[in-house]
Amino acid sequence: MTSGPEQSPEQSPSDEIEGRAIPDSEILDETARDRPEPVELVTCVRCGKQVPVSKPRCFHCDARLPIIHGSDRVSLNAATASEGSGIPSQGDVGLAFSRLLLFYLLMLATSLISGWITKHSIKVGMSDEEVHQISLWITCFFEAIDTVIVLIAAATLRHVPRLTYRSRNQKLLGWLSGPIILAILLALNVGYHSVLQSYVQFPDWALDRAEKWSVSLLIVFCLQPGIVEELFFRHLVQSTLTGAMGTHSAIWVTAIMFGMAHIFVPLSIPILTIVGAGFGYARVWSGSLVLPIMLHALHNAVVLWLERAS
Amino acid sequence: MSSNLDVSNPSSQSDLPSLSSGSSSLAQSARLKQLNRARGILIFVGLLTIAVNVFQYVTVERLVDDQFNKEMNELRRQGMQFDQVKVAELRSSAISSVKLFAMGLIAVGAAFLVGAGLIKSYPVPVTIISLVLYVGCAAIFGVLDPESLMKGIIIKIIIVVALVKAVQAAMAYQKEVSVQAHAGLEG
């Protein structure tokens, strides 16, 4: 029990007589009186942007705003509404996206160069072991370059907007949906490639014999892509685009960028776009980047295992 | 977020809003011009992509045979010999792959045409997707045939620059539209 504060002139004599300690919350701070009224914002359920709660419709997408109670309301002090709210101006989004586009083009260029170098390094007559070693080293080198590119991109984008506000229960549900999302994406991926193989009928003898499991294989094909690609696409790109076009559009546009980045497997781009969208929804529903990173790494690990099992 | 105009003081209702709205409409018309230019590019690229890939789909066997003969002649010079059964299997698989790839590119061309129609309604997503698809397809062709990257490089750069400017114009255009919508609701 704390001692009561010094009595202020506003306190009534009866409080002193009763011996009631005046809590700090009842003492008016002069600066608090001068603070502007807090502006209550609500999240539009269609586009995910913040709108004053007094509006019956979202002025971004004209959706009718539902009545939201309790913790889903986000109250911001009007004086700091534009600073800490994570709501960027469209100008900021344009500049940020232009920078991200540049880094995206750099990553495509490194993929192209790594492909050319791999193609010219592999000579006719080399054993499978030698081919795998050379491919792995070249992939390692260029993935290190991609990691540096993404880290520079993250450093140059000083202000990455927050995604749509999620309550604790919503985030928990998002995390619980992780295994279901992974199962659905793997089923779609395997199904798509089965149908593709039945149409294309690529001969088994022409396929590369899968190399053995190793720690470097897991790092290069599961861990690094999981962390670096999710950091770039789901954190930097998706968060930036959400400010310009709403949650669902941002997820699908980011997914298309993710799919098109896999230029060495052009026939798999459609399914990889859907997989990217799955990771995007996992990011939004869980409110965390950790879930899509885990899903991406696990997805790649399961695909590698299935390749060896078959 | 309410307007601070004092209606009791006529001098506060100055000419500045109309002047600013005039310059804003000039900027908006410049952005609309960028979007119209992007629409023209999307229609051109879409039609060209569809035409080229329909031709490739129709002539796929001849294209695959030409490529196979070229590579086999190169390997024969290095002393390699071929199992004709396996070559036939690979040829059949290559024809199916190229047909599928051509169908995919026809779909991309159709996506460009659809984007051209929707660019005014959804300027930001359409311009970004168009740019990503164009650059991605160029990169894929760079993997399959590196020499194709340099063919028509100037036109490709012009198209990419125009699409990038269209993305920036689309974001600014959308911002202006949402600000006007907000002002309309407030008023």
Side-chain angles (χ1 to χ4, degrees), chain A residues 39 49 51-52 54-62 78 81 89-95 97-98 101-102 104-105 108-109 111-112 115-116 119 124-125 196 199-206 241 243-246 249-250 252-254 256-267 269-270, chain B residues 1 75 78-80 83 85-86 89-90 92-101 104-105 107-108 111 122-126 128-129 131-144 146 149 160 164 167-186:
Chain A
V39 174
K49 294 180 186 172
V51 183
S54 58
K55 300 297 170 196
R57 286 188 172 267
C58 171
F59 51 76
H60 298 286
C61 67
D62 204 38
S89 70
Q90 291 280 1
D92 296 335
V93 172
L95 187 62
F97 185 72
S98 300
L101 202 60
L102 184 64
Y104 180 70
L105 292 176
L108 282 181
S111 293
L112 268 175
W116 292 336
K119 195 175 168 184
V124 173
L196 194 68
Y199 178 75
V200 171
Q201 291 179 342
F202 204 71
D204 289 337
W205 54 263
L241 288 180
M245 59 177 75
S249 301
W252 284 100
V253 171
T254 307
I256 290 170
M257 287 178 72
F258 173 78
M260 291 304 287
H262 294 79
I263 55 176
F264 289 103
V265 283
L267 293 178
I269 285 174
Chain B
M1 290 195 182
L75 290 170
Q78 296 176 23
M80 305 290 282
D83 181 341
V85 170
K86 289 186 175 177
E89 278 179 16
L90 261 181
S92 161
S93 167
I95 288 171
S96 304
S97 300
V98 172
K99 275 186 175 173
L100 209 54
F101 193 59
L105 286 172
V108 167
Y122 305 100
V124 177
V126 164
I128 292 175
I129 291 173
L131 177 62
V132 168
L133 283 177
Y134 185 79
V135 168
C137 288
I140 289 167
F141 280 112
V143 167
L144 298 173
L149 270 180
V160 168
V164 168
V167 169
Q168 291 169 343
M171 287 190 174
Y173 174 81
Q174 189 167 284
K175 173 187 176 185
E176 194 71 36
V177 164
S178 62
V179 162
Q180 284 172 4
H182 184 205
L185 280 168
E186 286 285 341

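In what follows, chains are A, B, ... by sequence order, proteins preceding strands, each numbered from 1. The basis for the numbers below is simple: all heavy atoms, side chains too, and nothing from hydrogens, waters or symmetry mates. Treat the numbers as computed from the prediction; the structure is a model and nothing was measured.
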What verdict does the side chain to side chain donor-acceptor pair (under 3.5 Å) test give for B:Gln168 and A:Ser98, after you've listed the backbone C-alpha separation in whole Å, the side-chain angles of each residue and the deciding distance to 0.1 Å? CA-CA 8 Å; B:Gln168 291 169 343; A:Ser98 300; 3.2 Å; yes

Answer with side chain, backbone, both or neither: which region of B:Leu131 has an atom nearer than 4.5 Å to a non-hydrogen atom of chain A? side chain

Which atoms of B:Val143 are under 4.5 Å from chain A, going by heavy atoms: the side chain, the backbone, both sets, or neither? both

Under 4.5 Å from a heavy atom of chain B, the part of A:Leu108 involved: side chain

Measuring from A:Leu95:CG to B:Met171:CE, what's the distance to the nearest 0.5 Å? 10.5 Å

Chain A: which of B:Val135, B:Val132, B:Val167 shares the most heavy-atom pairs with it under 4.5 Å? B:Val132

Comparing B:Leu75, B:Val164, B:Ile128, B:Ile129 against chain A, the one with the most heavy-atom pairs below 4.5 Å turns out to be B:Ile128

So, B:Gln174 side chain and B:Pro123 main chain: donor-acceptor pair closer than 3.5 Å or not? no

Check whether any side-chain N or O of B:Ser93 sits under 3.5 Å from a backbone N or O of B:Glu89 as a donor-acceptor pair, and report yes or no. no

So if I apply the side-chain contact (heavy atoms from CB on, under 4.5 Å) rule between B:Ile140 and each of A:Leu112, A:Val265, A:Ile263, which one comes out positive? A:Ile263

